[in-house]
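Presented below is the structure to which this report refers.
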There are 2 protein chains.
Amino acid sequence: MIDRDAIIASAEAVLDREGFSATGMDRLIKAAGVSSRTLYKHVGGRAGLILAALEAREERFFAAVRSDGVEELFRSLAEWVETEGAHGCFFLRALGEAGASDPSIAERVRAHKEATAGLIEACVAKDLGREDALLAAQILVLLEGATHAAVYRGASAVEAAGEAAATLLEAARGGPERAGG
Amino acid sequence: MIDRDAIIASAEAVLDREGFSATGMDRLIKAAGVSSRTLYKHVGGRAGLILAALEAREERFFAAVRSDGVEELFRSLAEWVETEGAHGCFFLRALGEAGASDPSIAERVRAHKEATAGLIEACVAKDLGREDALLAAQILVLLEGATHAAVYRGASAVEAAGEAAATLLEAARGGPERAGG
DNA sequence: TGAAAAGTAAAATGATCGTTTTACATGCGG
DNA sequence: CCGCATGTAAAACGATCATTTTACTTTTCA
């Protein structure tokens with residue numbers, strides 16, 4: 001009995017490394033190590049495989065990053081980048097390369113970005129002892145920037161993002177004196 | 001006499017709006033409003049057209065953003081996003097969708113990211129009265145993050161990035177007391 | 001004015017790609 | 001041990017796509 005999850009996991013890896021539109025079915029079939037007949041029987045087709053790969057990535061990513069603080073979040077992201085490499089946000093790439101023709105992909109991406117925003121809000125709340133939507137929005141930009149700057153600057157971009165986040169956090173702690181009272 | 005620049009400008013717009021791999025030659029030909037024969041005579045082929053579109057974007061982008069300060073930079077970026085929309089970095093998308101098979105595209109992208117880093121260093125130096133490579137690296141992450149978060153959060157992501165940059169700048173001004181100094 | 005240059009429309013070409021089908025092998029439960 | 005689930009290998013199919021070519025018209029300018 002062939003493992004559907006293994007097919008999907010290999011697709012997730014290849015799509016991330018080589019891109020969505022650049023990767024044909026024959027490449028995904030070869031990577032899965034099964035016949036085309038079997039792969040189509042298990043995932044339906046290209047659209048189903050991509051959607052399943054997005055779901056697999058969602059699970060794997062949220063299992064890998066920590067949500068118990070902003071510093072911890074960026075440290076775990078740096079580790080992710082070092083082991084997985086950086087090719088830009090898997091979900092935004094899916095949206096741009098395959099999401100135009102497939103609304104269910106667009107919906108997956110939207111859900112991922114919403115979940116990510118929630119993760120960051122939780123980290124900020126943990127560190128600050130209160131919610132801070134504006135700071136969370138800024139740190140979301142840092143996370144998104146780290147993900148994409150890491151494509152050409154590697155893990156050091158994630159480190160820079162983590163340091164920036166620490167500075168913003170410090171300012172938010174000591175700094176209602178800066179604006180508005 | 002048909003304007004080569006007009007062909008390229010229309011390609012830049014369509015590729016940005018609809019993506020590289022999702023956009024076929026017939027779409028680019030229709031957008032240019034010329035015959036396929038004429039377009040091929042002017043730009044050589046798909047690879048030449050994409051490369052020319054990248055060059056056009058480089059020129060247009062650096063003409064649109066200000067380099068006389070970090071706040072000015074993010075304000076002009078917000079205006080860009082409001083008039084042009086946000087689809088992620090045009091260059092990183094080109095790299096992911098067309099750069100694997102074309103080294104000259106990869107080189108263009110590298111040059112763009114280098115120029116962007118220089119732009120940010122200049123803004124930081126102007127505001128700070130001195131160079132600060134670490135701060136510039138953090139603001140680069142903010143710029144990259146603004147570009148990509150704007151895909152799903154619009155111009156407000158750029159505003160958040162600008163505010164974060166201002167906080168980092170303030171900390172860098174008042175803050176050698178924070179570490180090491 | 002007349003010929004070369006430059007343009008259009010549309011068919012043809014050849015390659016690639018997602019998907020299906022054909023023909024056959026294997027292993028497992030009743 | 002029969003029969004069906006499940007698998008492989010590979011050909012076939014139809015669609016799409018980049019590019020070229022054919023046939024013809026318009027523009028330009030010496």
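Side-chain atoms are counted along with the backbone in the values below, which use heavy atoms only and exclude waters and symmetry mates. Chain letters run A, B, ... following the sequence lines, proteins first, then strands; residues in each count from 1.
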Task: Chi class for D/dA5: syn within 90° of 0, otherwise anti - done: syn

Task: Partners meeting salt bridge (Lys or Arg N to Asp or Glu O under 4.0 Å) with A/D26 (sequence neighbours left out) - done: none

Task: By salt bridge (Lys or Arg N to Asp or Glu O under 4.0 Å) - contacts of A/E131 (at least two apart) - done: none

- [ ] Would you kindly say whether A/E97 and A/S21 are connected by a side-chain donor-acceptor distance under 3.5 Å?
- [x] yes

TODO: Rounded to the nearest angstrom, tell me the gap between atom CD1 in A/I29 and atom C1' in D/dG7.
DONE: 14 Å

Task: With B/R37 via side chain to side chain contact (heavy atoms under 4.5 Å, CB included) - residues at least two apart - done: B/S35, B/K41

Open item on the list: When both hydrogen-bonding distances must be under 3.5 Å and the geometry is Watson-Crick or G-U wobble, what is D/dA5 paired with, if anything?
Closed with: none

- [ ] Using atom NZ of A/K41 as one end and atom P of D/dA9 as the other, report the distance to the nearest whole Å.
- [x] 15 Å

Open item on the list: Output the rounded distance in Å from CE (A/M25) to C1' (D/dT16).
Closed with: 17 Å

Task: Pairs touching residues 134-158 of chain A that satisfy ring pair (Phe, Tyr, Trp, His ring centres under 6.0 Å), sequence neighbours left out - done: A/H148-B/H148

TODO: Name all residues meeting the side chain to side chain contact (heavy atoms under 4.5 Å, CB included) criterion together with B/S104; count only those two or more places apart in sequence or in a different chain, and write none if there are none.
DONE: B/L51, B/D102

- [ ] Please name all residues satisfying side chain to side chain contact (heavy atoms under 4.5 Å, CB included) with A/A136, sequence neighbours left out, ordered by chain then number.
- [x] A/I120, A/E121, A/V124

Open item on the list: Could you work out, with side chain to side chain contact (heavy atoms under 4.5 Å, CB included) as the rule, every residue matching A/A122, not counting sequence neighbours?
Closed with: none

Open item on the list: What is the separation between atom CG on B/L39 and atom P on D/dC17, rounded to the nearest whole Å?
Closed with: 16 Å

Open item on the list: Return whichever of B/R46 or A/V34 has its heavy-atom-nearest nucleotide of DNA chain D closer to the 5' end.
Closed with: A/V34

TODO: Tell which nucleotide pairs with C/dT26, taking only Watson-Crick or G-U wobble pairs whose two distances are both under 3.5 angstrom.
DONE: none

Hey, can you pull the donor-acceptor pairs under 3.5 Å for the side chains in residues 83-96 of chain A, sequence neighbours left out?
{"from": "A/T83", "atom 1": "OG1", "to": "A/E79", "atom 2": "O", "distance (Å)": "3.2"}
{"from": "A/T83", "atom 1": "OG1", "to": "A/W80", "atom 2": "O", "distance (Å)": "3.2"}
{"from": "A/E84", "atom 1": "OE1", "to": "A/R60", "atom 2": "NH2", "distance (Å)": "3.0"}
{"from": "A/E84", "atom 1": "OE2", "to": "A/R60", "atom 2": "NH1", "distance (Å)": "2.7"}
{"from": "A/E84", "atom 1": "OE2", "to": "A/R60", "atom 2": "NH2", "distance (Å)": "3.4"}
{"from": "A/R93", "atom 1": "NE", "to": "A/H87", "atom 2": "O", "distance (Å)": "3.4"}
{"from": "A/R93", "atom 1": "NH1", "to": "A/D16", "atom 2": "O", "distance (Å)": "3.1"}
{"from": "A/R93", "atom 1": "NH1", "to": "A/H87", "atom 2": "O", "distance (Å)": "3.2"}

Task: Inter- and intrachain pairs under side chain to side chain donor-acceptor pair (under 3.5 Å), touching residues 61-70 of chain B, at least two apart - done: B/R66-B/D68

TODO: Return the residues of residues 4-19 of chain A meeting this criterion: a heavy atom under 4.0 Å from some atom of DNA chain C. Order them by number, or give none.
DONE: none

Open item on the list: Reading DNA chain C from 5' to 3', where do the contacts with chain A start and stop? Cut-off is 4.0 Å to heavy atoms.
Closed with: C/dG18 to C/dA23

Task: Base-contact (B) and sugar-phosphate-only (S) positions in nucleotides 20-30 of chain D, heavy-atom cut-off under 4.0 Å, - elsewhere - done: BBBB-------

Task: Main-chain N/O of B/G69 paired with B/D127 side-chain donor or acceptor, under 3.5 Å - done: no

